[in-house]
2 protein chains.
Amino acid sequence: MALEHAILVSLLEKPGSGYELARRFDRSIGYFWTATHQQIYRVLKRMESDGWVEVREVSQQGKPDKKHYSVAPPGRSVLSAWLHEPIEPESVRHDLAVKIRGAAFDDPSDLIRQVERYQQIHSERLTHYLAGEQRDFTGPEAPAEPDAMQELQHVVLRGGIAYERMTLAWLDDVLATLHRIRAARADGRPDC
Amino acid sequence: MALEHAILVSLLEKPGSGYELARRFDRSIGYFWTATHQQIYRVLKRMESDGWVEVREVSQQGKPDKKHYSVAPPGRSVLSAWLHEPIEPESVRHDLAVKIRGAAFDDPSDLIRQVERYQQIHSERLTHYLAGEQRDFTGPEAPAEPDAMQELQHVVLRGGIAYERMTLAWLDDVLATLHRIRAARADGRPDC
DNA sequence: CTTGCCTATGCAACGAGTTGCATAGAGGAT
DNA sequence: ATCCTCTATGCAACTCGTTGCATAGGCAAG
């Protein structure tokens, strides 16, 4: 399990509350590690009782109090140890791939519409990534000499951009294939 | 949850036992949907009691008996209904991206070695995919006029190939970035 | 002849992830 | 006035996924 480690990295990059972490897991970190606020609160509590993070209650005007978390030395050691462990193969779960193969046993028309919608989502995500890259790394507002943290954030973002571009190209391929199959079926060649 | 649906698709492509399914989830299907044999047996049992699949006990010589599963009409309906549901955004969990961002707070040397190993795994996977494509779809042994099922299997495989190529290129980028940071640190510019 | 691997299925316990709900004050919209 | 949204935290119940272990016959290598 690595949610703890994702939280440690995020808190090292910038300390904050559970709520703030949950927001980040909706945005930047969420693009490669999803987590709900429930998970985050639960894990933060455990990490606190294990001494990995330190808490400080912060009063705010007009808003509820919050618990400000930062990484304690034992947490840093835990993260360091984890970083030295071998990288495990990712366990993937691609709904879409299952649906595509399932389309052999169903009318593909509906799937075509869904793939088009899916393509649009990825297209928007790519635009979003590129805007973020411009803003934080390559634009005129970006730091001239980025530090290690920023360089590493950038290379992860470049990975996201490459992934979205690859996905969009593949989805074109998928759509072409689905159209071909539908046309063949309409021609009275139900080849399954 | 979609393991049921992945199993239904796999059984429609070719009926078989839980063990055989588990093998497939180590190979072709496993490249986009991971599952252990425990999960498969448990879900198959539930699917059987829900009438989604039919079982037939098969005696074998020299091997234990097996339970041969095939999709029953209700299972087909369930799959069809699921195929018409909108595609949900995938919930990703990329250890590697977390580790890369974590490298800002640690010595990157170890991570470099791990990324190189990881790169090799993906390189081997790409080779394996390409061999499978040659064997089943583009080589001389492949069917001249593939049916819908084969065309869809092929387009999913092309997705896997595109993914591996993209990943390998990105890992080069990651390695270059890690080397740059290590060099900067060695020069006495610990920029974090 | 014993150790280990392959086929084949399964239980039990645990840990991780999801979903629904609850609280509670501040601010804006209708 | 009332409803909705945002900040901020949390419980409880449930499902899903993982890990370790168990059985059991056949086969091959040492």
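Note that these values count all heavy atoms, side chains included, but never hydrogens, waters or copies made by symmetry. Computed from a predicted structure; not experimentally measured. Every chain is numbered from 1 and lettered A, B, ... according to where its sequence line falls, protein lines coming before strand lines.
Nucleotide D:dA8 holds its C1' atom 11 Å from the OH atom of A:Y69, rounded to whole Å. Taking atom CD of B:E57 as the reference point, atom C1' of C:dT9 lies 10 Å away to the nearest angstrom. Atom CG of B:L21 is separated from atom P of C:dA8 by 12 Å (rounded to the nearest Å). Remark: P of C:dT7 and NZ of B:K66 are 11 Å apart, rounded to the nearest angstrom. Atom CD of A:Q39 is separated from atom P of D:dA13 by 19 Å (rounded to the nearest Å). Taking atom CG on B:D26 and atom P on C:dC6, their separation rounds to 12 Å, with Å as the unit. In this structure, B:H37 places its NE2 atom 11 Å from C1' of D:dA22, rounding to the nearest Å. Separating the NZ atom of B:K63 from the P atom of D:dA24 is a distance of 20 Å, rounded to the nearest angstrom.
Proximity of B:K45 to the phosphate of C:dG10: a side-chain N or O atom is located under 4.0 Å from OP1 or OP2. Within the 4.0 Å cut-off from OP1 or OP2 of D:dT7, at least one side-chain nitrogen or oxygen of A:Y19 is found. Between D:dG10 and A:Y41, no contact under 4.0 Å exists linking OP1 or OP2 to a side-chain N or O. For the OP1/OP2 pair of D:dT7 and a distance below 4.0 Å, the side-chain nitrogens and oxygens of A:S17 include no atom meeting the criterion.
Considering only the side chain of A:R93, D:dT18 comes nearest among D:dA8, C:dG10, D:dT18. Among C:dT9, D:dG17, D:dT9, the nucleotide with an atom closest to any side-chain atom of B:L3 is D:dG17.
The pair A:R101-B:E13 counts as a salt bridge, with a side-chain nitrogen and a carboxylate oxygen less than 4.0 angstrom apart. A:R180 and B:E151 are joined by a salt bridge, as a carboxylate oxygen and a charged side-chain nitrogen come within less than 4.0 angstrom of each other. For the pair A:E20 and A:K66, the salt-bridge criterion is met [side-chain N within less than 4.0 Å of a carboxylate O].
Each of A:T36 and A:P64 lies near DNA chain C, and the nucleotide nearest A:T36 is the one positioned closer to the 5' end. Judged by closest nucleotide on DNA chain C, A:R46 is the one of A:R46 and A:Q38 placed further toward the 5' end.
Evaluation of atom-type donor-acceptor distances gives no pair under 3.5 Å for the side chain of A:R42 against the base of C:dG15.
No more than 12 heavy atoms of other residues, nucleotides or ligands lie within 6.0 Å of CD in B:E141, so this atom counts as exposed by the packing criterion.
A:S91 comes within 4.0 angstrom of no nucleic acid atom, judged by non-hydrogen atoms across all strands.
Taken together through direct or relayed side-chain contacts under 4.5 Å among Ile, Leu, Val, Met, Phe, Trp and Tyr, B:L157 and A:W170 form parts of separate hydrophobic clusters.
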